[in-house]
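I have a structure I would like to understand better, so I am pasting it below and will then ask my questions one at a time.
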Amino acid sequence: MQRVEGCTDWSVDYLKYKVLLGEPVRIKCALFYGYIRANYTHAQSAGLSLMWYKSAGHGDFEEPISFDGTRMSKEEDAIWFRPAELDDVGYYSCVLR
């Protein structure tokens, strides 16, 4: 665990999801299943919001993902793609704020 400017870096988890084009897939936030687990309900009760970001490469993450609620949706501590498309390829990061 590393602290920088009031932030806590809990870890990085590079899970690879392999899915066929058109299949549904769920990506769960590593903060809630990793070595040091947070509790999603407690995080919400504390006024924290779970934000998701996407990056196409190993660089900086872009603006927060805005979910349309149809094909791509945020459900508690996970993202669902129903169905997965080629544009979904990339790195996803979840942050509690």
Handout entry: Pairwise side-chain contact, Cys29 with Tyr92, heavy-atom cut-off 4.5 Å (strictly under)
Key = no

Handout entry: Validation row: Phe81, Val19 side chains within 4.5 angstrom (heavy atoms)
Key =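 Not touching, per the 4.5 Å side-chain cut-off.
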
Completion exercise
In terms of heavy-atom contacts, Pro83 and Gly22 come closest through CB-O, 3.0 Å

Practice task
Heavy atoms only: give me the nearest Pro24-Trp80 pair and the separation to one decimal.
Solution key: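 In this case the closest contact between Pro24 and Trp80 is CB-CZ3, 4.3 Å.
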
Handout entry: Rounded distance (nearest 0.5 Å) linking atom CG of Leu31 with atom CG of Leu48
Key = 10.5 Å

Problem - Arg82 side-chain N/O to Thr70 backbone N/O, donor-acceptor pair under 3.5 Å - result: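 No, Arg82 side chain to Thr70 backbone: no donor-acceptor pair under 3.5 Å.
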
Problem - Asp87 bridged to Lys54 by N-O distance under 4.0 Å - result: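 No.
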
Exercise for the section: For residues Tyr17 and Arg26, report the shortest heavy-atom separation together with the two atoms involved. Expected result: CE2-O, 3.4 Å

Practice task
Decide whether Val25 and Ile79 are clustered together by the hydrophobic rule: side chain heavy atoms of Ile, Leu, Val, Met, Phe, Trp, Tyr closer than 4.5 Å, transitively.
Solution key: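 Hydrophobic grouping puts Val25 with Ile79.
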
Exercise for the section: Could you grab the distance from atom CD1 of Ile65 to atom OG of Ser73, nearest 0.5 Å is fine? Expected result: 11.5 Å

Problem - Donor-acceptor pair, side chain of Lys74 and main chain of Leu50, under 3.5 angstrom - result: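 Pair found, side chain donor or acceptor close to backbone of Leu50.
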
Handout entry: Heavy-atom pair of closest approach, residues Asp77 and Trp52
Key = O-CZ2, 3.8 Å

